[in-house]
Engineer: 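Mind looking over this structure? Questions follow.
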Amino acid sequence: MATTFKNDTFQDVVLGRKSIRVYDENVKISKEEMLEMIQEATMAPSSVNMQPWRFVVVESPEAKETLKPLIKFNVRQNDTSAAMLLIFGDMECYELGEQIYDQAVAEGKMPEDVRDQQLATILPYYKNLSKQEMNDIVKIDSSLAAMQFMLVARAHGYDTNPIGGFEKDQLAEAFGLDKDRYVPVMILSVGKAAEEGYQSVRLDAETITNFK
């Protein structure tokens with residue numbers, strides 16, 4: 001089911017977003033709702049629809065203890081949030097390419113001949129990309145999904161905080177993932193804010209934009 005913003009305005013959802021560091025520890029998010037929010041977040045754009053984003057929901061006390069030493073400057077979010085969402089980019093995302101394009105055909109969104117033509121071009125191209133080129137692609141796409149999740153979570157009535165300060169060389173292995181395949185992109189804390197939080201300033205659009 002797609003999320004609607006109901007009575008929330010753009011001002012409330014986007015411009016009113018605050019940086020939240022402490023959450024209401026009594027608020028939990030069900031597996032069903034978390035999966036719903038992740039599903040909605042995956043409507044984000046994706047290069048040739050390879051959907052390289054992968055998610056790990058850290059919500060149990062044991063998993064949070066595993067995460068804790070890897071996010072030394074963001075412990076409060078880890079301790080109080082309903083969950084910490086780890087977002088990785090899959091360097092071998094093309095392995096699901098046929099499944100993705102077969103689904104597009106099954107749902108009537110793509111003719112079979114177009115699927116065959118695109119896969120014949122895309123899969124060899126992706127397999128031959130350098131590690132740095134693939135790294136750039138999966139991080140861009142996964143970052144779009146991360147931002148989408150933040151907006152979706154707000155529409156569901158939750159607050160989030162993006163975290164980039166963590167032990168990137170240890171995160172994948174700590175949660176049983178191949179560190180060479182799964183590139184850590186971002187961590188999002190999610191829950192109900194237990195404090196007002198604060199808003200940061202932004203430069204004027206005129207300062208950062210050129211028209212040619």
Side-chain angles (χ1 to χ4, degrees), residues 19 37-58 63 66-74 77-78 83-104 109-110 114-153 160-190 200 202-203 205 207-212:
S19 182
M37 290 193 292
I38 290 173
Q39 188 70 62
E40 291 165 358
T42 63
M43 297 305 292
S46 170
S47 178
V48 297
N49 202 24
M50 282 296 105
Q51 305 172 41
W53 40 68
R54 303 291 182 261
F55 305 92
V56 175
V57 180
V58 175
T66 299
L67 181 60
K68 195 170 186 174
L70 305 181
I71 52 167
K72 297 176 182 177
F73 302 107
N74 298 282
Q77 294 96 311
N78 185 57
M84 301 289 279
L85 185 65
L86 316 185
I87 302 175
F88 295 89
D90 184 356
M91 297 284 281
E92 298 176 17
C93 57
Y94 50 80
E95 288 192 352
L96 294 179
E98 290 189 11
Q99 180 179 331
I100 292 168
Y101 279 65
D102 286 347
Q103 182 178 339
K109 297 175 181 177
M110 179 182 292
V114 173
R115 172 200 61 194
D116 296 341
Q117 291 169 9
Q118 292 200 10
L119 287 175
T121 301
I122 292 168
L123 295 185
Y125 174 74
Y126 262 56
K127 290 177 182 179
N128 288 311
L129 287 172
S130 69
K131 185 175 181 178
Q132 184 59 56
E133 289 170 328
M134 181 61 81
N135 184 78
D136 290 345
I137 289 172
V138 302
K139 282 190 173 179
I140 289 171
D141 281 11
S142 299
S143 294
L144 289 169
M147 186 70 247
Q148 183 97 331
F149 182 90
M150 294 174 72
L151 297 175
V152 166
T160 57
N161 181 228
I163 298 169
F166 54 89
E167 302 295 338
K168 296 178 175 61
D169 60 333
Q170 301 176 46
L171 192 67
E173 284 188 314
F175 290 92
L177 300 178
D178 180 350
K179 68 176 182 179
D180 293 322
R181 175 168 179 170
Y182 298 100
V183 179
V185 176
M186 192 179 304
I187 298 175
L188 298 178
S189 58
V190 55
S200 53
R202 291 295 185 267
L203 294 170
T207 302
I208 58 173
T209 307
N210 284 308
F211 290 89
K212 302 293 186 181

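Just so it is clear, the values below take in all heavy atoms, side chains as well, and ignore hydrogens, waters and symmetry mates. Quick caveat, the model's predicted, so the values are computed rather than measured.
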Engineer: Please report the closest heavy-atom contact between Val185 and Ser143, naming both atoms and the distance.
Structural biologist: CG1-OG, 3.6 Å
Engineer: Between Trp53 and Ala145, which heavy-atom pair has the shortest distance, and what is it?
Structural biologist: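 In terms of heavy atoms, the two residues are closest at CE3-CB, 3.5 Å.
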Engineer: Does the side-chain contact (heavy atoms from CB on, under 4.5 Å) test come out yes or no for Val58 and Phe175, once each step is laid out?
Structural biologist: CA-CA 9 Å; Val58 175; Phe175 290 92; 3.7 Å; yes
Engineer: side-chain contact (heavy atoms from CB on, under 4.5 Å) between Asn74 and Phe166: does it pass, once the steps are laid out?
Structural biologist: CA-CA 8 Å; Asn74 298 282; Phe166 54 89; over 6 Å; no
Engineer: OH/Tyr101 to CG/Leu123 distance, rounded to the nearest 0.5 angstrom?
Structural biologist: 8.0 Å
Engineer: Run the side-chain contact (heavy atoms from CB on, under 4.5 Å) check on Met91 and Val138 step by step: do they pass?
Structural biologist: CA-CA 7 Å; Met91 297 284 281; Val138 302; 4.1 Å; yes
Engineer: Do Met84 and Ile71 come close enough that some side-chain heavy atom pair is under 4.5 Å?
Structural biologist: yes
Engineer: Within a strict 4.5 Å, meaning less than it, do heavy atoms of the Phe55 and Leu86 side chains meet?
Structural biologist: no
Engineer: Does Val56 form a side-chain contact (heavy atoms from CB on, under 4.5 Å) with Leu177? I'd like the steps, not just the answer.
Structural biologist: CA-CA 10 Å; Val56 175; Leu177 300 178; 4.1 Å; yes
Engineer: So which heavy atom on Met50 is nearest to which on Ile122, and how close?
Structural biologist: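 Looking at all heavy atoms of both residues, the closest pair is CE-CG2, 4.3 Å.
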Engineer: Under a 4.0 Å N-O cut-off, is there an ion pair linking Asp169 with Lys179?
Structural biologist: no
Engineer: Could you report the tightest heavy-atom contact between Leu188 and Ala146, atom names first, then the distance?
Structural biologist: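 Looking at all heavy atoms of both residues, the shortest contact is CD1-O, 3.6 Å.
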Engineer: Looking only at heavy atoms, which two atoms of Pro69 and Glu167 are closest? And how far apart?
Structural biologist: O-CG, 4.4 Å
Engineer: To the nearest 0.5 Å, tell me how far Gln170 CD sits from Thr66 OG1.
Structural biologist: 12.0 Å
Engineer: Just wondering, are more than 12 heavy atoms of other shown residues or ligands nearer than 6.0 Å to CD in Gln39?
Structural biologist: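 Counting neighbours around CD of Gln39, 12 or fewer heavy atoms of other residues, nucleotides or ligands fall under 6.0 Å, so no.
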Engineer: On a heavy-atom basis, which atom in Ile163 and which in Met186 lie closest, and how many Å separate them?
Structural biologist: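 Heavy atoms only, the tightest pair is O-CG, 3.7 Å.
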Engineer: Given 3.5 Å as the limit, does a donor-acceptor pair link the side chain of Gln99 with the main chain of Leu96, or not?
Structural biologist: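 Checking the backbone N and O of Leu96 against the side chain of Gln99, no donor-acceptor pair under 3.5 Å is found.
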Engineer: What distance separates Tyr126 OH from Cys93 SG, expressed to the nearest 0.5 Å?
Structural biologist: 5.5 Å
Engineer: Atom CE of Met43 and atom CD of Gln51: how far apart are they, to the nearest 0.5 Å?
Structural biologist: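 Those atoms lie 9.0 Å apart.
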Engineer: Does the side chain of Ile38 come within less than 4.5 Å of Val57's, by heavy atoms?
Structural biologist: yes
Engineer: Should the heavy atoms of other residues, nucleotides or ligands under 6.0 Å from NZ of Lys109 be counted, would the total exceed 12?
Structural biologist: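 Count not over threshold, so no.
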Engineer: Between CD1 of Ile137 and CD of Gln132, what distance do you get to the nearest 0.5 Å?
Structural biologist: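 Going from CD1 on Ile137 over to CD on Gln132, the span is 10.5 Å.
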Engineer: Check whether any side-chain N or O of Asn135 sits under 3.5 Å from a backbone N or O of Lys131 as a donor-acceptor pair, and report yes or no.
Structural biologist: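 No, Asn135 side chain to Lys131 backbone: no donor-acceptor pair under 3.5 Å.
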Engineer: Quick check for you: to the nearest 0.5 Å, what is the distance between Thr160 atom OG1 and Met150 atom CE?
Structural biologist: 3.5 Å
